[in-house]
Amino acid sequence: MEGKRDSWGNNFGFLMAAIGSAVGLGNIWGFPYKMGANGGFAFLIVYLALAVLIGFTVMLGELTIGRKSGKGAVGAYVALSKHFKWVGWLGALSAFLIMSFYSVLGGYCLKYMVLNFGDLINASFGSAGQNGGDIFGALLTNQAESIMYTLFFMIISCAIVMGGIAGGIEKFSKFAMPALFVLLVIVIVRSVTLDGAMDGLAFMFKPNIEPLKKDFLGVLSSASGQMFFSLSLGMAIMITYGSYLPKKENLERNSFIIIFSDTFIAILAGLAVIPAAFALGGEGAALAGPKLLYITLQNVFAAMGSIGPLIGVLFYLLVAIAAITSAISLIETTVTFFMDSAESKGGSGNRKVIAFIVSLIIMAEATLVAADGLGSNGLWVPFQKSFGVHGWNDCWLDFMDVMSEGIMMPLGALLMCLFIGYEYGIKKFGEEITIAGFPFRSEAFFSLCCRYIAPIGLAFVLWGQLKNFGIV
Ligand code: TRP
């Protein structure tokens with residue numbers, strides 16, 4: 001089987017693809033707003049603990065299962081497991097739900113790119129001196145415009161998936177990712193030197209665990225969902241990526257590098273957004289929820305003076321590219337699922353047709369999320385009644401987000417840990433890791449996390465979510 005299957009050109013290429021999938025809107029949009037809404041420092045330490053104890057376990061688990069089986073998520077579980085054969089499809093379904101709002105958020109980035117370009121050339125489609133809150137409010141209630149940008153984002157992503165992951169996008173990411181890093185640093189410098197930014201820094205880094213005492217389960221489930229989402233875990237993308245990884249590569253080290261880079265970028269994004277939110281809007285501003293990124297950064301660019309629009313155009317362009325590299329891996333997951341099932345029935349799937357149909361269906365659900373405008377247009381209200389009112393579900397985006405990163409991804413990860421820890425066995429698992437002579441350094445740690453810490457932690461996470469639903 002191995003001979004037939006493609007491999008990554010080299011380990012660097014693999015890392016860039018894996019990091020390209022991991023670094024996206026989760027880091028730049030999700031992390032700052034969740035940290036803001038969940039007590040700053042308290043959220044940060046819970047997040048880091050989860051990344052070490054559960055993130056590493058699941059990352060290494062997925063990459064290893066993938067390389068061992070040489071198959072994508074669905075095929076991997078079918079090949080290796082007796083009791084968990086069906087776990088793969090959970091991933092395909094979460095990817096599909098995530099895309100419903102990922103494309104909307106990606107569309108907003110395109111809109112902001114255009115807006116800043118308007119400012120740059122003094123055109124009528126610039127910000128016209130409005131503040132971030134008004135600009136975003138106007139976009140959310142303009143359904144036609146929101147839908148247009150969403151579809152535009154989907155068309156770009158779909159075109160790339162249909163063409164196969166061409167060398168172009170990979171080469172592109174090699175420049176785009178480092179460039180994004182540089183721009184983040186520029187934005188951070190402006191953000192932390194604004195008057196009042198120190199309060200934001202204290203909020204992020206000054207030890208304060210009060211929020212944990214108030215609502216531990218709430219912070220835990222929010223940080224856990226964020227971790228899965230940001231690391232592209234719990235829905236099998238890394239299984240697929242691992243399946244293309246040659247036996248001579250070090251799985252442990254690669255897992256570590258991916259997690260480290262992704263977390264680093266998330267914290268940088270926090271530094272770019274949270275101090276600025278405090279400086280420009282006071283403490284309450286950091287609580288803006290999913291709107292935070294789009295409101296605050298626009299205000300930061302405005303505070304930069306005449307160079308602001310230029311930085312704005314570049315910044316949103318790079319965020320859009322990061323979002324596209326992630327979106328591709330999400331669409332791929334669903335496409336691979338259908339290709340695999342066509343193959344297992346003895347046929348062969350037509351990649352272009354499948355990618356096109358999947359994208360059309362995603363566009364339909366994304367249109368709903370875009371038209372809802374983060375709840376501004378009230379499309380969720382009729383459903384709110386049937387589910388009862390529970391904080392989380394005040395818009396379509398939240399609903400899709402909680403279903404995927406809140407429930408299905410932790411569930412998928414929990415099942416994977418049970419599979420490796422109790423059915424497949426740590427010993428056999430270790431054989432794949434040491435196959436090229438690397439030691440399995442973290443074996444004892446991995447075994448402890450995989451068999452006990454992660455399953456128990458994830459059970460708490462799921463319980464926290466059910467409580468949010470009002471089910472328990
Ligand atoms: N990790 C990406 C982000 O932070 C989103 C993403 C891409 C993803 N592929 C994924 C999340 C697979 C879960 C699974 O924006």
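All residue numbers refer to positions in the sequence shown, counting from 1. This one's a predicted model, so the numbers in the text were calculated from it and none came from an experiment. Atoms within a ligand are numbered from 1 in the order they appear, just like the ligands themselves. Hydrogens, waters and symmetry mates are skipped; everything else that's a heavy atom, side chains included, is used.
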message: Suppose we call two aromatic rings close when their centres sit under 6.0 Å apart. Are Phe399 and Trp380 close by that rule?
response: yes
Where ligand 1 meets Asn27 - atom numbers and elements under 4.0 angstrom, heavy-atom basis: 4 (O)
- prompt: Met154 and Ser103: side-chain contact (heavy atoms from CB on, under 4.5 Å), yes or no, with the steps?
  reply: CA-CA 6 Å; Met154 267 312 290; Ser103 51; 3.8 Å; yes
Least distance between heavy atoms, Val187 atom then Ala272 atom: CG1-CB, 4.0 Å
- prompt: What do you reckon, does Tyr102 put a non-hydrogen atom under 4.0 Å from ligand 1?
  reply: yes
- request: Please report which non-hydrogen protein atom sits nearest to atom 9 (N) of ligand 1, along with the residue it belongs to and the distance in Å to one decimal place.
  value: Ser329 OG, 2.9 Å
message: Within ligand 1, which atoms have a heavy atom of Ser326 less than 4.0 Å away?
response: 2 (C), 7 (C), 9 (N)
task: Write out the residue and atom name of the closest protein heavy atom to atom 11 (C) of ligand 1, then the distance separating them to 0.1 Å.
output: Phe229 O, 3.2 Å
field: Side-chain donor-acceptor contact under 3.5 Å, Asn116 with Gln298
entry: yes
task: Would you check whether Met409 has a nitrogen or oxygen atom less than 3.5 angstrom from a nitrogen or oxygen atom of ligand 1?
output: no
task: Taking all heavy atoms of Ala92 and all of Thr334, pick out the closest pair and write down the distance.
output: O-OG1, 3.6 Å
query: Does Asn27 use its side chain to pair, donor to acceptor, with the backbone of Thr263 at less than 3.5 Å?
result: no
- prompt: To the nearest 0.1 Å, how far is atom 2 (C) of ligand 1 from its closest protein heavy atom, and which atom is that?
  reply: Ser21 O, 3.2 Å
task: Around atom 4 (O) of ligand 1, find the nearest protein heavy atom and jot down its residue, atom name and distance.
output: Ala22 O, 2.9 Å
Polar proximity ligand 1 side, Gly26 side, N/O cut 3.5 Å exclusive: yes
message: With no hydrogens and no angle check, just 3.5 Å: does a side-chain donor-acceptor pair link Ser232 and Ser21?
response: yes
query: Looking only at protein heavy atoms, which one is nearest to atom 10 (C) of ligand 1, and how far off is it?
result: Ser232 OG, 3.3 Å
message: Between Ser376 and Asp372 (side chain of the first, backbone of the second, donor and acceptor by atom type, cut-off under 3.5 Å), is there such a pair?
response: no
query: Is there any N or O on Leu25 that sits under 3.5 Å from an N or O of ligand 1?
result: yes
